[in-house]
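Working notes for the structure below.
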Amino acid sequence: MADEAKDNHLQQPLEHTELSERKQSSLHHSLLGPSLQKAGQDAVDQSKVAEIIYQASLGSKFFKHEEKRDEQLTKKVEAILARKQYLESIDLSSELRRIDERISHLVRERDLSQFIVHVDCDAFYASVEELDRPELKNVPMAVGKGVLTTCNYKAREFGCRSGMAGHIAQKLCPQLISLPLNFGKYSKKAEEIREIMAKYDPRYEAASVDEAYLNITPYCKAHDLDPATVVSRLRAEILEKTKISVSAGIGPNATIAKISSNKNKPNGQFIVPNNHEAVMDFMADLPVRKVNGVGRVFERELVSVGINTCKDIYPMRGMLHDLFGEKVTNFLIYCYLGIGRTEIRPVDEYERKSVGTERTFADLWGSNRLRERMKLTAEDLEKDLEELNLSFRTLVLKVKLHTYGVYSRQRALHRPIHIAQDIYQYALPLLASLETEFKDKGGLKIRLMGLRGTALIERNKKVQGFFGKWVGEAGSREGTKRKQLDAEGWEVWPQEEFEQMDDHQNQTSKPVARIQEDGQEDERAKDITFEILSQGISSTENLHDLSQQKGKKEKEPGGQLQEHEQEQWRCPICNHSMAPDDRIFNEHIDWCLSREAIRDVVKESSSSNIQEAVTSPPPKRLKMMEKKKPTGATSGLFPLFKQKQR
DNA sequence: GCGGATCAC
DNA sequence: TATGGTGATCCGC
């Protein structure tokens, strides 16, 4: 949650001591997690908390992974420092002129005419729970099992924070009461709050369940009130009507409003006046970590080159471009000047870019179980796509190994999909490729699997035919029912290839899709298809085993495959057998997927609009707002905390 | 376009 | 016993 978002620096400054001590110190810092130092933490001895977390984490796989990441980051930081040392020895005056010109331009052009407000509910989930059970107000309480989603201020006194592992929190605070999440309850409460905010700015921007941006400039003018008074009334009205206390920040742009809303939390507000000097003063002593977009990693890089607060950016301006690149330099200059976006707009004017689902579970391995899990994941994704009425054209499979390393494999499809069976089917080769890669690294043993669709397409979108006639619904559920098979469409495939494929299907008695005589494939047939694909597990199992043998073979000179000609790989899509060769196999998969793709397009279209169906332009999109923040400025882009209760 | 990494919440 | 889920963006290739 936003009100507890950022790290604290350890209270002890980093001494220049042994390397190992430095390393340990940065790891302590890293293990503190992504949220600290917000309200409620003042009385906490952070170094003591860090030590407890460190001790409790020691030896765990999670810890080992953090250690590895920390070492990587240390190397990166060393490279940056070396580069900095070099840059200090050369003439930067030309870059300085360039950037100073840019700075004065930005100052000239800056917009200080708007009053932007960031409203942030205090410990929102915990507060909502306390409304139902007031007795919890006086005891340390957290929401969320496994990992704390948020906790009340009593719990924060013990060092508990959002994002913290549940068992660590229990160690810090044995009497901690933790409640399960109840998203329905929080959304309902959030809606009450939004109704009130809408009165102050009907175009408010919900940044998450518990956060929103408002532009109260028109309201102030209309009622002849100053912004601080307006926000006081807004907060009072929210508290009175919803019994939820909120904090707010007011400033000339979203970035400053956001940072300000944390200044007097909980139940307070802070205003930065709309003039250049006030903004510069406000930013000057602000730790860079407080700025949206600067996370743990970037903070460490910045601190390593001597940038702790935003004013430290200025003396470094001449080498920022060389050290961090164009985007980051622009971002840092914005930080230094306190520039941010002033345009606030409703969330539904933003375009969704992806939809996905993922789940953590007990360590899982074995082709069979992995595929079972993937089928469930595909079904989850189908449900989400159904609610959103979307299809997608790029599929991403993500896994987290039991050792916490994350890997993903994606593929652009030749047609939009949204049905679980299709998702599963197209995900199979992605999974197979990961299994192959990890075969000689101890196998694919994972603790998380996820599927995500990108390149989204709205379903139920009419596709226009040659003569402006509406001819059907592209990608809709109805459309995928494959009502009609157009004979013309099949011509794109050389006849012999189909005969060949049919041969294999006959051999194995496992046709991937049973097309009936009249060209129809009903729902029952699709279910059969899905079952067959699940059975495909066994065929991919073969692939699994064979790839291991192939791995050995590749080391042999002249790696011909004749000795093991009896061993074949099977396509997880059509069950076609082929020589155990990477290139052949991959080419076949490509072919197989595109064959599916075009066949489906053909079937979904009437004969008159095959061309359009294949080359149909993407549906109209809402224009994306020009982003003022160059890095990671996703705040507000995708607000409605769409976590699902399962 | 793909894969890894970072970030917000 | 044992550290989340959803979504976005950027970089390097």
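Below, read A as the first sequence line, B as the second, and so on, with proteins coming before strands; counting in each chain starts at 1.
Look at CZ on A/Arg289: it is 10 Å from P on B/dC9, rounded to the nearest Å. Rounded to an integer number of Å, the gap from A/Glu211 CD to C/dG7 P is 17 Å. The interatomic distance linking A/Ile80 (CD1) with C/dC11 (P) rounds to 14 Å, in whole Å. The NZ-P distance, from A/Lys327 to C/dA8, rounds to 17 Å in whole Å. Atom CD of A/Gln410 is separated from atom C1' of C/dG7 by 15 Å (rounded to the nearest Å). Residue A/Arg411 contributes atom CZ, which lies 13 Å from atom P of B/dG1 at whole-angstrom precision.
Between A/Thr149 and C/dG4 there is no side-chain N or O to OP1 or OP2 distance below 4.0 Å. Put simply, A/Arg452 has a side-chain N or O that comes within less than 4.0 Å of OP1 or OP2 on C/dG7. In this model, the phosphate group of B/dG4 is not approached by any side-chain N or O of A/Tyr407 to a distance below 4.0 Å at OP1 or OP2. A/Lys398 has no side-chain polar atom (N or O) that falls below the 4.0 Å cut-off from OP1 or OP2 of B/dC2. Between A/Thr360 and C/dG5 there is a side-chain N or O to OP1 or OP2 distance below 4.0 Å. OP1 or OP2 of C/dG7 lies within a sub-4.0 Å distance of a side-chain N or O belonging to A/Arg352. In terms of phosphate contacts, A/Lys353 brings a side-chain nitrogen or oxygen within less than 4.0 Å of OP1 or OP2 of C/dT9.
Partners of A/Lys398 under the salt bridge (Lys or Arg N to Asp or Glu O under 4.0 Å) rule, at least two apart in sequence or in another chain, are A/Glu358.
Residue-level contact check: A/Tyr404 touches the backbone only, with heavy atoms under 4.0 Å from sugar-phosphate atoms and none from bases. Note on A/Arg447: only backbone sugar-phosphate atoms sit closer than 4.0 angstrom, heavy atoms only; bases stay farther off.
For C/dT3, the base has a donor-acceptor partner in the side chain of A/Ser57 [N/O atoms by modelled type, under 3.5 angstrom].
Using cut-offs of 30° and 60° for the angle between ring planes, the A/Tyr404 and A/Phe62 rings count as perpendicular. Taking the six-membered ring where the residue is Trp, A/Phe438 and A/Tyr407 present perpendicular rings, their angle passing 60° and hence far from 30°. Taking the six-membered ring where the residue is Trp, A/Tyr54 and A/Phe63 present perpendicular rings, their angle passing 60° and hence far from 30°.
In this structure, the nucleotide among B/dC9, B/dC2, C/dG5 sitting nearest to the side chain of A/Ala412 is B/dC2. Considering only side-chain atoms of A/Phe298, the nucleotide from C/dG7, B/dA8, B/dC7 that sits closest is B/dC7. Considering only side-chain atoms of A/Ser354, the nucleotide from C/dG7, B/dC9, B/dT6 that sits closest is C/dG7.
Nearer to the 5' terminus of DNA chain C, by closest-nucleotide assignment, is the contact made by A/Ala362 (compared with the other of A/Ala362 and A/Phe324).
With a 6.0 Å cutoff to the six-membered ring centre and a 45° limit on the axis angle, A/Arg341 counts as a cation-pi contact of A/Tyr213.
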